Protein chains: 2
Amino acid sequence: MANPSVEAAPQGAGDANARRDRPPTIRDVAELAGVATSTVSRALSRPERVNPRTRVRIEEAAAELNYIPSSQARGLSSGRTNAVAVLVPDITNPFYFDIIRGTQHQLKAAGVTQLLVDTEESSEMELDALHKMRKSADGFILAASRLTDAQLTEVSQTQPLVTFNRASTSAPTVMIDTPSAIIQALEHLASLGHHKVCYVAGPPTSWSNQMRWKVFEEDATKRGMEVHRIGPYAPKTTSGAAAADAAVRTGATACIVFNDLLAIGMLQRLKARGIRVPADMSIIGSDDIFGADFCNPPLTTISSPIEQAGRVAVSMLLAQLNPLPGSATRKLAVMPTHLTVRESTGPAPA
Amino acid sequence: MANPSVEAAPQGAGDANARRDRPPTIRDVAELAGVATSTVSRALSRPERVNPRTRVRIEEAAAELNYIPSSQARGLSSGRTNAVAVLVPDITNPFYFDIIRGTQHQLKAAGVTQLLVDTEESSEMELDALHKMRKSADGFILAASRLTDAQLTEVSQTQPLVTFNRASTSAPTVMIDTPSAIIQALEHLASLGHHKVCYVAGPPTSWSNQMRWKVFEEDATKRGMEVHRIGPYAPKTTSGAAAADAAVRTGATACIVFNDLLAIGMLQRLKARGIRVPADMSIIGSDDIFGADFCNPPLTTISSPIEQAGRVAVSMLLAQLNPLPGSATRKLAVMPTHLTVRESTGPAPA
DNA sequence: AAGCTTGCGGCAAGCGGTTGCCAAAAGTTG
DNA sequence: CAACTTTTGGCAACCGCTTGCCGCAAGCTT
């Protein structure tokens, strides 16, 4: 631009800004700007540390060369990777997609790379990932962690992390307000005249599963309902058939199901068996995943802003990584829930 | 293990393998094994280059220290990052979930990190990501790339990549056998007695959208059908309402829809308007995403092994990255498709 | 036994940045 | 204008690992 004649002779031997075959390094920029690499480095990462005039020169040089700092090298010397790992138990589960979406969004906004890991519902894989990636990520977001409290505590001492849907005394946490949700759901069922209710349990290692059951039992008992529990089931639609059959045998007229996947599976099975929902049995899912609104019948379910939860988790993690002097880091965020009533719940059969 | 007495005195001051506060480096391993760092490096990455006895010693030392090489450092010096970036136009779309799953799976199996990027349906963001990440990823998988042929060609000269669902002469590609699928779908409709068919178009920048329309028009015309086209629509359920209304106005009795998301949205709208599917109108989607089997009515759709496509894409990319002397790298993989007939298609209204 | 391979391991120079420390330059002050 | 403080920028030592090159020692050949 500034020197078209050079453009015209791109192969000039002594060309100062001759295109190297390799991408430009900080050294190229330094040379072009006539400063030392250290100055370039500072101009780019701590602009206030450098004279505005110099900075502008450097920025121009960088722009001209189309310079992009190597995150590898930066990571090596600074110890920071500018990446965050998000660990989910099952990438297959639409529920986690929402959270992944949230984290992805927020991380991207912060210019941080997301490293996605599927831990396959296994605490070993989770620990393993945590260990293996300790140098390649600045922090971790553990969605529905399968770790024990002790493991969690230990890990959180070494690496910055925030847990999602898994209470922890040691690490910041973002949670779904499950108790409130279950109570809302039971209230809804009670108002429809249901007396026999059944909790359809998910994975035993899931903390939120335990929570849900606990609140369910307490509150349903308090209401004088007959409470049943079946499970555990894998949180997949394919487990729904067995769950539906078992649920029917309990004699309950309404089920609160660990998650929507399972609930949708149950819906399918019930339909196949000719058991009408909600006329014969009401079903309440949890999570309001993609599909809950258009399955048949549309599923009454516990909704919460999962994607936003992902964003919040990222914010909390980033706050932990770059603590602002002023603000204390938040240790807990509870996401509100509400019951989205659709067509899978109705009056108890007479 | 080999020396329990040391175990018993973990705080011994002169302890050779005293726990450093920092994670062990290759130097620590070298020291413990009594060799040079270069030897450790080789023992770990090119085992045949080192004497079996030495190698064992090194491996033991590494295991004892719980050594994990820093991918950063490794990347810096070797130029390889052991990471692959997967670029999808919209992480929100369940279709891409399947492919992400596939790539994630296969990459993990190969010990490669997946870098997930949402390009937001924009070719600029795509180019940008491609550029910014050129040093942080060894290769790229471009799902449904929005780039022009020229851009694609240019990019593929600098970086190893494979495209998915986007033909390219310059880069290896894995494709869905769209023509066959569309023909199957039309055949299905023809056999049900439909004569007026409508293509509901997706994003104009989508190559597969163009392909689908092209084949649709050709084949439907050949069959003497009356062909309509509406759109473009954003490939989301929310666009389904407008699409449904427009489709009805065309007078067509059957629609082939760009993708399931849009199709499901149409289903909802048609139901709301009291237009029965399939009695009044038949709908065929594409992709067989999560939810297509349990929406109402269950969607007849074009299925293909998307997740497997993701795996294949990874294989092709890895083959490109580590070419085996023997085998030539495959330039094209076409994934088979079939029509999954469910309940959204039926005989043409009389 | 002398001369040659061959296998194995070490040396040291990077890879592309960051950063502590220091000196020169610039700005202040009396 | 000298003495002092504050900016500003350069030097150079890493960060942890890879790799080209070299030399030594053991195994072969004739």
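Throughout, a chain's letter reflects where its sequence line sits, starting with A, and its residues are numbered from 1. Keep in mind the model is a prediction, meaning the values are calculated, not measured.
Note: CG (A:D28) to C1' (C:dG16) measures 11 Å, nearest angstrom. Atom-to-atom, OH of B:Y67 to C1' of D:dC17 comes out at 7 Å; the value is rounded to the nearest Å. Distance, B:I26 CD1 to D:dC17 P: 5 Å, rounded to whole Å. Atom-to-atom, CZ of A:R80 to C1' of C:dG16 comes out at 18 Å; the value is rounded to the nearest Å. Between B:R49 atom CZ and C:dT6 atom P there is a gap of 14 Å when expressed in whole angstrom units. Atom C1' of nucleotide C:dG14 and atom CG of B:L76 are separated by 10 Å, given to the nearest angstrom. Per the geometry, CD belonging to B:E48 stands 15 Å off C1' belonging to C:dT6, to the nearest Å. B:R53 places its CZ atom 9 Å from the P atom of C:dG9, with the value rounded to the nearest Å.
For B:T25, whose side chain is taken as the heavy atoms from C-beta onward, the closest listed nucleotide among C:dG17, D:dC17, D:dC11 is D:dC17. For B:S78, the listed nucleotide lying nearest its side chain is D:dT19; candidates were D:dT19, D:dG9, C:dT18. Distances were taken from every side-chain heavy atom of B:R74 (C-beta onward) to each of D:dT8, D:dG16, D:dT18; the shortest belongs to D:dT18. Of the listed nucleotides (D:dA12, D:dC17, C:dC15), D:dA12 has the atom at the smallest distance from the side chain of A:S38. Listed nucleotides D:dG16, D:dT19, C:dC8 differ in distance to B:N51; the shortest reach to its side chain belongs to C:dC8.
One finds a side-chain N or O of A:R46 lying less than 4.0 angstrom from the OP1 or OP2 phosphate oxygen of C:dT19.
For A:S77, there are no side-chain hydrogen bond (donor to acceptor under 3.5 Å, both in side chains) partners two or more places apart in sequence or in a different chain.
Judged by closest nucleotide on DNA chain C, B:V40 is the one of B:S77 and B:V40 placed further toward the 5' end. Map B:A73 and B:T37 each onto its nearest nucleotide of DNA chain C; the residue landing nearer the 5' end is B:T37.
Remark: A:E31 does not engage A:R27 in a salt bridge, criterion side-chain N to carboxylate O under 4.0 Å.
For D:dG10, the base has a donor-acceptor partner in the side chain of A:R42 [N/O atoms by modelled type, under 3.5 angstrom].
Within 4.0 Å of A:T54, counting heavy atoms only, lie sugar-phosphate atoms of the nucleic acid but no base atom. Among the atoms of the strands shown, only primed sugar atoms or phosphate atoms (P, OP1, OP2) are found under 4.0 Å from some heavy atom of B:S70.
Counting heavy atoms from C-beta on, the side chains of B:H131 and B:R134 come closer than 4.5 Å.
Around NZ of B:K108, the count of heavy atoms belonging to other residues, nucleotides or ligands within 6.0 Å exceeds 12.
The nearest pair of heavy atoms linking B:V312 to B:A333 is CG1-CB, 3.8 Å.
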